[in-house]
Asks: 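Mind having a look at this structure? Questions to follow.
Hydrogens, waters and symmetry mates play no part in the numbers below; they use all other heavy atoms, side chains included.
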There are 2 protein chains.
Amino acid sequence: MTTISPQGRTELLRPDGSPVRVLVVDDEQSITELLSMALRYEGWRIRSAGDGQGAVQAAREFRPDAVVLDMMLPDMDGLAVLGRLRRELPDVPVLFLTAKDAVEDRIAGLTAGGDDYVTKPFSLEEVVARLRGLIRRSGAADRRSDSVLVVGDLTLDEDSHEVSRGGDNIHLTATEFELLRFLMRNPRRVLSKAQILDRVWSYDFGGQANVVELYISYLRRKIDAGREPMIHTRRGAGYLIKPAVS
Amino acid sequence: MTTISPQGRTELLRPDGSPVRVLVVDDEQSITELLSMALRYEGWRIRSAGDGQGAVQAAREFRPDAVVLDMMLPDMDGLAVLGRLRRELPDVPVLFLTAKDAVEDRIAGLTAGGDDYVTKPFSLEEVVARLRGLIRRSGAADRRSDSVLVVGDLTLDEDSHEVSRGGDNIHLTATEFELLRFLMRNPRRVLSKAQILDRVWSYDFGGQANVVELYISYLRRKIDAGREPMIHTRRGAGYLIKPAVS
DNA sequence: AGGGTTTCTCAGGGAAATCACAGATTTGTG
DNA sequence: CACAAATCTGTGATTTCCCTGAGAAACCCT
């Protein structure tokens, strides 16, 4: 089921109305903390583990609806952990975290069951979106929830990556797409440049903060060009998106 | 009966609307896990067994609509297992898994009754497709469901392996065919290279991920050449197929 | 054995995306 | 109105990703 929280954010709930449960497994504490924060903010219940042992035990006790699993753990091989997790939780989808350059060798066969993966360093927007997709498709959350975000006459389909405004198709690059998704998931809410940077860019991004301005500019050209603007600047505070008819 | 799930995926159901049941028998646990995940994702109910004993017992209790049976089991000869299964489940189709170099004529005799076989190492796309075919033809699922995929003016017949666009017949190699089938079974959905690799190439494929790019390139030459393109690249995300007229 | 076909690796070229930089523009303030 | 701060955007360098030609190896059929 999808509900609208008092703050206007949408969150997934299980069919019985209880919050979705996610287990996060990574040996770097900074990563588990980062992810836990972000995923709790989505309205999910989070448990984390720092090694394979702990992961298996947490799986047994916590009965998560989805797992985020780093493939590089200190005590066990990622595949071994996966096997043990599968025995505990046969139908639970897994989102793998892998190093950028290790993608090809070990992921083979892993995403076949409908699992998914993201490479480190990731952006939170990416992780959250993938997890939402996995949970949605696994049936842990109500299947009626679909993959299309709508704000005014602007739509964004998370499955097909298609964006259109007033019927016109709009092509976006990967970064533009993620930025717009973040805005559209928080309509009518001012998002600071820092929030956007933390959420849309990967956690190790070391560049200039004005990339956000730059990408807002790109988005405006594609989405607001010649139309009633939907993306607004709140000087000194940030940006927000809302339907054109205010 | 064939239904379209909310996500746009098609899944087979039995005439009474309950999910199709499949028993997977293999002594390598990695294989049963891989298959279980993939087949569950098709919307089927799965039970697995690791030897002949377990298979016979599971057949008795679980009453599957189809069986995937490795012919190399530790405790019994494959033929013996088959015999015992047949006694339990006289009309249930069997998909055999055999080593590449196994004696083919023996298998050929077995498949005469409407069964089928796949050689190891297999691709999931292959197993799923064969299984769907067996189930469809056995009558466990509604027979009205047919074997032709259609996207725009492009059609692909899973039985005859014929592909045509706008009336023109197109010859595809085996790999090209499986890639196109996978795309067409997920129209308008972005599929990552990892997903494609996991699904279309065999589970032990250790090669370069750019075979996917290469085969996409081959497909384009045959399908999109001189026409409105149907295969699209989403840079940084993957590929998708959709009708040309958008 | 031999020719045709298919699968796959490798590597070069090219296009697209990302980002830094800097100057232009806007906005709010006194 | 003038100024400063904040924001916007044009330009181009760099990086990343994708496409495809060429050829080697495996396979298949006769």
Asks: Rounding to an integer number of Å, can you tell me how far B:L219 CG sits from C:dT7 C1'?
Replies: 14 Å
Asks: Can you tell me the distance, in whole Å, between the NE2 atom of A:H232 and the P atom of D:dC8?
Replies: 12 Å
Asks: Could you check how far CG of B:L240 sits from P of D:dC18, rounded to whole Å?
Replies: 14 Å
Asks: Give a yes/no on whether any side-chain N or O of A:Y239 is located under 4.0 angstrom from OP1 or OP2 of D:dA6.
Replies: no
Asks: Run through B:D157, B:T155, B:D153 and flag the one making a side-chain hydrogen bond (donor to acceptor under 3.5 Å, both in side chains) with B:S164.
Replies: B:T155
Asks: Output the rounded distance in Å from CD1 (A:I231) to P (D:dT9).
Replies: 11 Å
Asks: Whole angstroms only, please: what is the CG-C1' distance between A:D224 and D:dC8?
Replies: 14 Å
Asks: Quick check on D:dC8: is either OP1 or OP2 less than 4.0 Å from any side-chain nitrogen or oxygen of A:T233?
Replies: yes
Asks: In this structure, are over 12 heavy atoms from other groups packed under 6.0 Å from A:M72 atom CE?
Replies: no
Asks: Please lay out, stage by stage, how A:E178 and A:R199 fare under the test salt bridge (charged side-chain N to carboxylate O under 4.0 Å, His left out).
Replies: CA-CA 9 Å; A:E178 293 218 337; A:R199 187 76 184 203; over 6 Å; no
Asks: Is there a donor-acceptor pair closer than 3.5 Å between any side-chain N or O of B:D224 and the backbone N or O of B:I231?
Replies: yes
Asks: Which letters describe nucleotides 16-21 of chain C, given B = protein heavy atom under 4.0 Å from base, S = only from sugar-phosphate, - = neither?
Replies: BSBBBB
Asks: If you apply the rule salt bridge (charged side-chain N to carboxylate O under 4.0 Å, His left out), what do you find for A:R221 with A:E176, and how did you get there?
Replies: CA-CA 11 Å; A:R221 242 174 270 181; A:E176 289 163 359; over 6 Å; no
Asks: Begin with the C-alpha distance, continue with both residues' side-chain angles, and end with the deciding distance and a verdict on salt bridge (charged side-chain N to carboxylate O under 4.0 Å, His left out) for A:K120 and A:D204.
Replies: CA-CA 9 Å; A:K120 283 186 176 184; A:D204 71 341; over 6 Å; no
Asks: Starting at CD of B:E126 and ending at C1' of C:dT7, how long is that distance when rounded to a whole Å?
Replies: 15 Å
Asks: Given D:dG21, D:dT7, D:dC19, identify the nucleotide with an atom nearest to the side chain of B:R221.
Replies: D:dG21
Asks: For D:dT20, does either OP1 or OP2 sit under 4.0 Å from a side-chain N or O belonging to B:S217?
Replies: yes
Asks: Taking atom C1' of C:dG23 as reference, at what distance in whole Å does atom CD of A:E213 sit?
Replies: 14 Å
Asks: Between the main-chain N or O of A:N210 and the side-chain N or O of A:E213, is there a donor-acceptor pair closer than 3.5 Å?
Replies: no
Asks: Output the rounded distance in Å from NZ (A:K193) to C1' (D:dA5).
Replies: 11 Å
